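Nothing fancy with the numbering, it's 1 onward along the sequence. Values reported hereafter were calculated over all heavy atoms of this structure, with side chains retained and with hydrogens, waters and symmetry mates removed. Computed from a predicted model, the values in this text were never measured in an experiment.
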Amino acid sequence: MADSEYSFQLDGEIDLSPHNWQRINWIASPTWRFYADNVVAKIEFDRSPTWEDPKQPGTALLSVKFQSMESYLRSEIEEKDRANWRAFWPAKAKWYRERRDSAEIRLQRAGKHIDLHYQDPPLPPPPPGQQNPLLPPEVTRPAHPLLKPAALVPPQRDALPLGTTCHSGEPCPQSGIWHAQFPGRSVSNRQAGFEVQRFFTQGKLMPSLPVHYPRLLDRWRGYREQVEPVRWILMAYQ
């Protein structure tokens, strides 16, 4: 987000608590993109700059755009080559993959979680009598060799997918590293020192955690703390 001047795409599972909602730079027009059955859906939300002024009316605009996967990919090719866009797609896909690999390696080294199981959507079916191009191996492989392989292969064939959630008091459904998601109104969501990732074995009861809330004179008195149930998210296998 910090590197984007005009727009950025948000994770479909982002925690849009009131606090996080207000922190988003809406001037940059955040978007979400979803894919299914050769269709791309783009959801965009804009709001007027008066939203922070309680004396002014706030205006919000939600737009949803549907586009065929073929049209979406064709628009990524230079206009003069779009009639035969499939022939140019392998080189374009390789260029995109190189940018993605570079960003993922940098982010993982910075301690960020990377979904190593992610696969690009397949190319749309070709017209009758034509074939889709073969993509180079560096485009179709699941993860760059420099990325840590610990979470690449599930420990068993029926492992639950990364991103699976459960709550405090429930038995852990999958051995692995779980990340705690705190209530949106707490300061635990935005204080680096309060981030919690733990390893749990399957069947162990997921614990509640101390949750910190703001109060007056926080700097001198500290944050108010109370133990509460939290939402746990599966981040990696181990």
Q) Given the rule in the side chain to side chain contact (heavy atoms under 4.5 Å, CB included) test, do Cys172 and Met206 qualify, once you have shown the distances and angles that lead to the verdict? A) CA-CA 6 Å; Cys172 177; Met206 306 300 285; 3.5 Å; yes
Q: Check step by step if side chain to side chain contact (heavy atoms under 4.5 Å, CB included) holds for Gln174 and Thr164.
A: CA-CA 9 Å; Gln174 170 70 56; Thr164 297; over 6 Å; no
Q) Does the pair Glu70 and Arg86 meet the rule for a salt bridge (charged side-chain N to carboxylate O under 4.0 Å, His left out), with working shown? A) CA-CA 9 Å; Glu70 179 166 352; Arg86 281 180 168 83; 3.5 Å; yes
Q: Evaluate the side chain to side chain contact (heavy atoms under 4.5 Å, CB included) criterion for residues Arg100 and Asp120: first the C-alpha distance (whole Å), next the side-chain angles of each, then the deciding distance (0.1 Å), finally the verdict.
A: CA-CA 11 Å; Arg100 170 180 150 195; Asp120 287 329; 3.5 Å; yes
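Hydrophobic clustering of Ile, Leu, Val, Met, Phe, Trp and Tyr side chains at less than 4.5 Å, counting indirect connections, keeps Leu205 apart from Trp178. Residues Phe66 and Trp32 fall within the same hydrophobic cluster, defined by Ile, Leu, Val, Met, Phe, Trp and Tyr side chains chained together at heavy-atom separations under 4.5 Å. Both Val64 and Val39 are part of a single hydrophobic cluster, where members link through side-chain heavy atoms under 4.5 Å apart.
Within the 3.5 Å criterion, the main-chain N or O of Ser68 finds no donor-acceptor partner in the side chain of Asn38. Of the possible polar contacts, one joining the Arg82 side chain to the Ile77 backbone as a donor-acceptor pair under 3.5 Å is found. Formation of a donor-acceptor pair under 3.5 Å by the Glu170 side chain with backbone atoms of His167 is found in this model. Judged by distance alone, with hydrogens and angles left aside, the side-chain atoms of Thr31 form no donor-acceptor pair with the main-chain N or O of Glu44 at under 3.5 Å. Remark: side-chain polar atoms of Ser168 are paired, donor with acceptor, to backbone N or O of Pro207 under 3.5 angstrom.
Using a 4.5 Å cut-off on side-chain heavy atoms (C-beta onward), Glu228 and Ser208 make no contact. Counting only heavy atoms from C-beta outward, the side chains of Arg141 and Asp101 approach each other to under 4.5 Å. Between Leu123 and Pro133 the shortest side-chain heavy-atom distance falls below 4.5 Å.
Pairing each heavy atom of Gly176 with each of Leu234, the nearest pair is CA-CD1, 4.2 Å.
With a 6.0 Å radius and a threshold of 12 heavy atoms from other residues, nucleotides or ligands, Glu78 has its CD atom at or below the threshold. Atom CG of Leu62 has more than 12 heavy atoms from other residues, nucleotides or ligands within 6.0 Å.
Rounding to the nearest 0.5 angstrom, the gap separating the CD atom in Glu98 from the NE2 atom in His144 is 9.0 Å. Distance check: Gln67 CD to Arg33 CZ gives 7.5 Å after rounding to the nearest 0.5 Å. Note that the CE atom of Met69 and the OH atom of Tyr35 stand 5.5 Å from one another [nearest 0.5 Å]. The NZ atom of Lys65 lies 10.5 Å from the OH atom of Tyr72; values are rounded to the nearest 0.5 Å. Of the inter-residue distances, the one linking Arg99 atom CZ with Lys94 atom NZ reads 15.5 Å to the nearest 0.5 angstrom. Going from atom CD of Gln181 over to atom CG of Leu209 covers 12.5 Å, rounded to the nearest 0.5 Å.
Just one of Trp85, Tyr96, Trp89 meets the side-chain hydrogen bond (donor to acceptor under 3.5 Å, both in side chains) condition when paired with Glu76; it is Tyr96.
Salt bridge status for Asp81 with Lys92: absent, with no side-chain N to carboxylate O gap under 4.0 Å.
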